[in-house]
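Note that these values count all heavy atoms, side chains included, but never hydrogens, waters or copies made by symmetry.
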Amino acid sequence: MDVVSFTRPDRDNVDQLAIRAALYDTLRDAFEDSGIPWRQTVREDRGDGVLIFVSAEVSKVLLLGRMPARLAELLEHGNDGRTPRQRFRLRVVVHAGEVHHDAHGYAGYDVNLAFRLVDAGPLREAMEHSTAAVGLIVSEGVHDGVLRHGYGGLDAAAFEQVRVQVKSADVPGWIQLFTRGAVLPVPRRVARSESGVPQGPELPDAPVAGASAAGLVEDLDLVPGPPVGAGAGDGAAGPVAVVLADEASLLDELAGLGVRTVVLVGGAADLAAGLVPIARRPIYIDHEFIE
């Protein structure tokens with residue numbers, strides 16, 4: 001596991017040492033409270049994090065459910081009493097495999113893979129755009145062997161599958177975010193893909209049919225674009241909106257957000273006339289679903 005933004009510019013050596021001390025205290029308590037004896041773990045310090053080896057006799061259900069939830073709870077409670085520069089959050093990976101030990105430490109493919117996963121771009125981005133105290137990522141082996149079977153009441157649907165591309169690794173991972181006593185949804189802007197399917201450019205999630213105007217705008221996760229008066233020759237395409245329902249009240253919202261391209265699906269075609277002063281390029285799809 002790694003501390004998020006451990007070396008950020010405003011932290012000096014005193015701050016980093018305080019974070020390291022709090023990290024180990026919090027980890028010890030979280031493991032103990034989750035039924036995983038801290039004294040039975042093997043740890044290798046990594047400066048801004050720690051590599052922890054747990055016996056195969058310990059149920060992975062604890063590592064996927066109880067431990068990260070308790071870790072987030074303890075971490076946020078501790079942060080309440082820390083100075084802003086010494087508050088910290090964690091990225092955590094759970095992986096299982098073969099580990100080799102020599103006179104210098106621990107090595108092997110599975111150790112390398114664990115580091116690739118905890119350094120995954122989607123996990124970093126998920127933490128950047130959420131308030132989660134703990135971001136957990138699970139490897140394919142642990143997902144297929146434990147998580148997808150729902151052992152111990154684990155809910156595989158609460159994890160978001162992502163593609164991990166770090167150095168030589170190109171593998172799937174499953175992310176879940178924890179805050180005090182709750183699981184947070186993974187931010188929409190985090191790129192998602194099925195295993196082995198290349199990710200395209202980031203696009204807004206399609207809203208569901210019948211959504212309210214306000215909810216639809218929120219779900220589109222639009223960002224400010226060029227001025228509404230910009231012509232078709234202007235280089236930037238601007239935000240894209242996908243509209244599934246005939247919601248005339250939505251037009252003012254779209255105009256205010258600077259939307260330049262609107263995709264009308266099914267019954268939303270009746271909005272076309274009202275989009276002329278708003279969208280540079282309206283598109284109509286005569287289907288009820290987008291695949």
Side-chain angles (χ1 to χ4, degrees), residues 1-9 11-64 66-68 70-72 74-75 78 86 88-124 127 133-147 162-175:
M1 56 188 69
D2 281 347
V3 174
V4 175
S5 301
F6 180 72
T7 59
R8 73 188 197 204
R11 284 176 173 158
D12 56 24
N13 287 345
V14 173
D15 296 322
Q16 292 184 5
L17 289 172
I19 290 172
R20 282 170 50 80
L23 169 65
Y24 279 94
D25 287 345
T26 305
L27 287 173
R28 181 196 62 230
D29 292 345
F31 271 65
E32 290 285 350
D33 292 351
S34 303
I36 308 171
W38 184 243
R39 66 182 182 280
Q40 294 181 13
T41 64
V42 176
R43 301 170 295 279
E44 185 172 89
D45 187 77
R46 293 283 170 163
D48 62 347
V50 56
L51 177 63
I52 303 175
F53 298 98
V54 180
S55 169
E57 297 178 357
V58 174
S59 172
K60 296 179 183 64
V61 171
L62 299 179
L63 293 169
L64 296 175
R66 187 182 302 176
M67 190 281 293
R70 181 58 176 156
L71 180 60
L74 291 171
L75 184 53
Q86 294 179 9
F88 65 100
R89 302 184 298 152
L90 292 171
R91 298 192 311 273
V92 178
V93 58
V94 174
H95 176 52
E98 299 300 318
V99 177
H100 299 277
H101 180 256
D102 58 22
H104 308 289
Y106 298 88
Y109 168 81
D110 287 298
V111 174
N112 295 338
L113 181 57
F115 285 117
R116 302 294 180 261
L117 288 166
V118 82
D119 198 37
L123 180 59
R124 287 179 174 273
M127 293 298 288
V134 172
L136 171 67
I137 186 167
V138 177
S139 69
E140 184 175 23
V142 174
H143 171 272
D144 291 351
V146 181
L147 183 58
V162 297
R163 184 177 180 182
V164 177
Q165 293 177 299
V166 182
K167 296 185 178 180
S168 60
D170 188 350
V171 296
W174 284 261
I175 290 177

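One distance of note links OG of Ser59 with CZ of Arg66; it measures 9.0 Å at 0.5 Å rounding. The distance from atom CG of Leu74 to atom CG of Leu27, rounded to the nearest 0.5 Å, is 10.0 Å. Rounding to the nearest 0.5 Å places CG of Asp48 at 7.0 Å from OG1 of Thr7. Rounding to the nearest 0.5 angstrom, the gap separating the CD1 atom in Ile137 from the CG atom in Leu123 is 5.5 Å. Atom CG of Leu147 sits about 8.5 Å away from atom CH2 of Trp174, to the nearest 0.5 Å.
Residue Arg39 places its CZ atom among 12 or fewer non-hydrogen atoms of other residues, nucleotides or ligands, all under 6.0 Å distant. Residue Tyr24 places its OH atom among more than 12 non-hydrogen atoms of other residues, nucleotides or ligands, all under 6.0 Å distant.
Within the 3.5 Å criterion, the main-chain N or O of Asp12 finds a donor-acceptor partner in the side chain of Asp15. Checked by atom type and distance alone, the side chain of Arg43 pairs as donor or acceptor with a backbone atom of Trp38 at under 3.5 Å. With hydrogens and angles ignored, the 3.5 Å screen pairs no side-chain donor or acceptor of Asn13 with any backbone N or O of Gln16. For Ser55 (side chain) and Glu57 (main-chain N/O), a donor-acceptor pair under 3.5 Å exists by modelled atom type. With Asp110 contributing its side chain and Glu98 its backbone, the two residues share a donor-acceptor pair below 3.5 Å.
No side-chain heavy atom of Val93 sits less than 4.5 Å from a side-chain heavy atom of Phe115. The closest side-chain heavy-atom distance from Arg11 to Ile19 is below 4.5 Å. With a 4.5 Å cut-off on side-chain heavy atoms, Ile175 and Pro122 count as touching. Under the 4.5 Å side-chain criterion, counting only non-hydrogen atoms from C-beta, Leu113 is in contact with His95. Side-chain contact between Thr41 and Phe31 is present, with at least one heavy-atom pair separated by less than 4.5 Å. Between Val50 and Met1 there is a side-chain heavy-atom pair separated by less than 4.5 Å.
Minimum heavy-atom separation, Arg20 to Gly47: NH1-O, 2.9 Å. Closest approach of Pro37 and Gly35 over heavy atoms only: CD-O, 3.5 Å. Nearest approach of Val142 to Ala96, heavy atoms of both residues: CG2-N, 3.7 Å. Across every non-hydrogen atom of Pro68 and Leu136, the tightest pair is CG-CD2, 4.1 Å. Between Ser34 and Arg70 the shortest heavy-atom distance is OG-CB, 3.9 Å.
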> Which is it for Asp45 and Leu51 under the side chain to side chain contact (heavy atoms under 4.5 Å, CB included) test, yes or no, and what are the steps along the way?
Replying inline: CA-CA 6 Å; Asp45 187 77; Leu51 177 63; over 6 Å; no
>> Leu64 vs Val138, test: side chain to side chain contact (heavy atoms under 4.5 Å, CB included). Steps then yes/no.
In response: CA-CA 8 Å; Leu64 296 175; Val138 177; 3.5 Å; yes
> Where do Asp119 and Val164 land on the side chain to side chain contact (heavy atoms under 4.5 Å, CB included) test, with the steps shown first?
Replying inline: CA-CA 9 Å; Asp119 198 37; Val164 177; over 6 Å; no
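The side-chain contact (heavy atoms from CB on, under 4.5 Å) with Leu90 is formed by just one residue from the set Val4, Val118, Leu71, Asp2; it is Leu71.
Separation of the Tyr106 and Phe53 ring centroids falls under the 6.0 Å cut-off.
By the 4.0 Å N-to-carboxylate-O rule, Asp170 lies close enough to Arg163 to be salt-bridged with it.
Donor-acceptor pairing under 3.5 Å is lacking for the side chains of Thr26 and Arg28.
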